[in-house]
Amino acid sequence: MRVATWNVNSVVVRLPQVLAWLGTAEPDVLCLQELKCSTDAFPYEEIRELGYEAQAHGTGRWNGVAILSKVGFEDVVRDLPDQPGFQAEDSMIEVREPRAIAATCGPVRVWSVYVPNGREVEHPHYFYKLKWLDALRAASVQDAAGERPYAVLGDFNIAPTDADLWDPSAYEGMTHVTAPEREALAALQGTGLQDVLPRPLKYDQPFSYWDYRQLAFPKNRGMRIDLVLGNKPFATAVTDAYVDREARKGKSPSDHAPVVVDLDL
DNA sequence: ATGCCATTCTCAGAATGA
């Protein structure tokens with residue numbers, strides 16, 4: 001089977017690209033992030049016409065995650081257990097954002113996650129990011145150690161190593177590369193998950209994100225921040241993994257490309 | 001050409017992204 005993850009930066013705007021990609025890549029399971037639409041506004045019908053059921057979790061303007069499946073759904077869960085919320089500096093209330101959804105699709109259980117950005121090092125959003133990652137770690141402990149193939153897929157907003165950056169010196173002092181973020185990611189992997197490293201279709205590094213500005217994509221100034229972390233039964237079933245950078249081309253693309261994993265399952 | 005920031009909400013500009 002084939003599973004994939006893709007931050008689409010608005011599923012409503014990107015619907016033509018998503019439908020076209022489903023038609024050509026034909027994943028069995030596709031995790032989406034940054035829906036930027038409510039659960040009710042998700043384009044279920046258009047996706048159903050291609051043979052996919054969808055489970056979405058969104059509130060409108062920001063965030064939002066979904067799972068598309070050709071092989072059914074069981075045990076759908078919205079939000080991490082004990083998922084922290086974010087409290088803006090000018091707000092009295094902590095808001096839990098739609099950043100995680102899980103489901104069992106055929107033989108695999110997956111989380112589709114959109115890890116908080118962090119904004120700036122030491123910003124409240126940065127500490128929120130670290131806390132959120134710890135909640136994700138806690139949520140993974142049982143399934144990561146289990147016999148069933150299990151993976152956490154999504155936009156982690158962390159480059160695991162400097163090799164995942166087009167120019168490490170360009171990111172000094174920035175989020176996405178700091179030691180605490182990488183340690184939180186390593187702790188998640190420590191539950192028994194390994195980074196399924198995709199092969200690049202061009203150049204040497206399998207970037208999954210390129211900024212819209214300053215010709216970042218044509219110059220291949222990218223980052224690998226969209227990850228697939230699989231437990232042992234998942235990782236040992238992997239037959240191929242790649243970043244479909246073709247999807248970053250064309251008119252009005254997302255700034256992320258899909259990460260695709262083929263499995264002998 | 002892969003090409004110089006996008007999206008959403010509210011209605012021109014802020015907020016967010018990374």
Side-chain angles (χ1 to χ4, degrees), chain A residues 6-18 20-21 32-43 56 58-65 85-91 95 97-99 113-130 132-133 154-162 164-178 180-182 184-185 200-227 243-258:
Chain A
W6 194 6
N7 177 324
V8 289
N9 187 15
S10 172
V11 72
V12 173
V13 172
R14 222 66 62 204
L15 187 60
Q17 288 90 333
V18 171
W21 193 79
L32 297 177
Q33 301 87 35
E34 279 211 83
L35 304 182
K36 294 188 172 179
C37 75
S38 67
T39 302
D40 291 343
F42 189 86
T59 51
R61 192 170 186 179
W62 293 304
N63 313 305
V65 288
F86 181 62
Q87 185 170 350
E89 284 156 293
D90 59 352
S91 170
V95 179
E97 301 170 315
R99 294 179 175 274
V113 300
Y114 179 46
V115 176
N117 171 288
R119 299 186 189 166
E120 293 171 18
V121 178
E122 307 276 297
H123 187 281
H125 208 265
Y126 175 82
F127 297 112
Y128 167 52
K129 179 180 193 174
L130 296 175
W132 203 95
L133 285 161
D155 180 354
F156 283 76
N157 276 316
I158 298 171
T161 73
D162 283 352
D164 299 307
L165 305 167
W166 66 275
D167 179 6
S169 70
Y171 293 92
E172 283 172 19
M174 313 262 283
T175 60
H176 295 59
V177 304
T178 66
E181 289 164 276
R182 286 174 169 172
L185 182 62
L201 295 188
K202 189 179 178 184
Y203 307 115
D204 299 327
Q205 292 159 292
F207 298 142
S208 64
Y209 163 84
W210 300 261
D211 198 287
Y212 283 122
R213 293 164 287 187
Q214 299 176 313
L215 295 170
F217 182 62
K219 293 178 177 175
N220 200 35
R221 294 180 173 178
M223 312 170 78
R224 187 174 73 94
I225 55 176
D226 299 273
L227 310 176
V243 177
D244 190 355
R245 70 190 310 282
E246 296 299 312
R248 180 63 177 77
K249 302 180 182 178
K251 184 174 168 57
S252 190
S254 170
D255 42 2
H256 296 250

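Numbered from 1 within each chain, the chains take letters A, B, ... in sequence-line order.
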How long is the line joining [atom1] of [X] and [atom2] of [N], in whole Å?
| X | N | atom1 | atom2 | value |
| --- | --- | --- | --- | --- |
| A/Ile158 | B/dG17 | CD1 | C1' | 16 Å |
| A/His256 | B/dG17 | NE2 | P | 11 Å |
| A/Arg99 | B/dG17 | CZ | C1' | 10 Å |
| A/Tyr126 | B/dA18 | OH | P | 16 Å |
| A/Arg182 | B/dA18 | CZ | P | 16 Å |
| A/Asp226 | B/dG17 | CG | P | 15 Å |
| A/Glu246 | B/dA1 | CD | C1' | 13 Å |
| A/Glu120 | B/dT16 | CD | C1' | 12 Å |

For [N] and [M], measure between their [atom1] atoms and round to the nearest Å.
| N | M | atom1 | value |
| --- | --- | --- | --- |
| B/dA6 | B/dA18 | C1' | 13 Å |
| B/dA15 | B/dC11 | P | 14 Å |
| B/dA12 | B/dT7 | C1' | 15 Å |
| B/dC4 | B/dT8 | C1' | 23 Å |

Nucleotides 3-10 of chain B: protein proximity per nucleotide (B base, S sugar-phosphate only, - neither; heavy atom, under 4.0 Å) | BBBSSBB-

Is any side-chain nitrogen or oxygen of A/His176 closer than 4.0 Å to OP1 or OP2 of B/dG17?
-> no

How far does NE2 of A/His256 sit from CG of A/Leu32, to the nearest 0.5 angstrom?
-> 12.5 Å

What is the distance from atom NE2 of A/His176 to atom CG of A/Asp164, rounded to the nearest 0.5 Å?
-> 12.5 Å

Mind checking if [X] touches a base, just sugar-phosphate, or nothing, with heavy atoms under 4.0 Å?
| X | answer |
| --- | --- |
| A/Met223 | sugar-phosphate |
| A/Tyr171 | nothing |
| A/Asp155 | sugar-phosphate |
| A/Phe86 | nothing |
| A/Asn117 | base |

List in chain and number order the residues that pass side-chain hydrogen bond (donor to acceptor under 3.5 Å, both in side chains) with A/His125, two or more places apart in sequence or in another chain; answer none if no residue qualifies.
-> none

In residues 207-216 of chain A, what donor-acceptor pairs under 3.5 Å come from side-chain atoms, sequence neighbours left out?
residue, atom, partner, partner atom, Å
A/Ser208, OG, A/Ile225, N, 3.2
A/Ser208, OG, A/Asp226, N, 3.0
A/Ser208, OG, A/Asp226, OD2, 2.6
A/Tyr209, OH, A/Asp211, OD2, 3.3
A/Trp210, NE1, A/Asn220, OD1, 3.0
A/Asp211, OD1, A/Arg213, N, 2.7
A/Asp211, OD1, A/Arg213, NE, 2.9
A/Asp211, OD2, A/Arg213, NH2, 3.0
A/Tyr212, OH, A/Asn9, ND2, 3.1
A/Tyr212, OH, A/Pro253, O, 2.9
A/Tyr212, OH, A/Asp255, N, 3.2

Taking atom CG of A/Asp167 as the centre, does the number of heavy atoms from other residues, nucleotides or ligands within less than 6.0 Å exceed 12?
-> yes

Any side-chain heavy atom of A/Tyr128 sitting closer than 4.5 Å to one from A/His123?
-> no

4.5 Å side-chain heavy-atom contact, A/Val18 and A/Trp6 | yes

Establish, from distance only, whether the side-chain atoms of A/Trp166 and A/Tyr171 form a donor-acceptor pair under 3.5 Å.
-> yes

Of A/His125 and A/Tyr203, whose closest DNA chain B nucleotide lies nearer the 5' terminus?
-> A/Tyr203

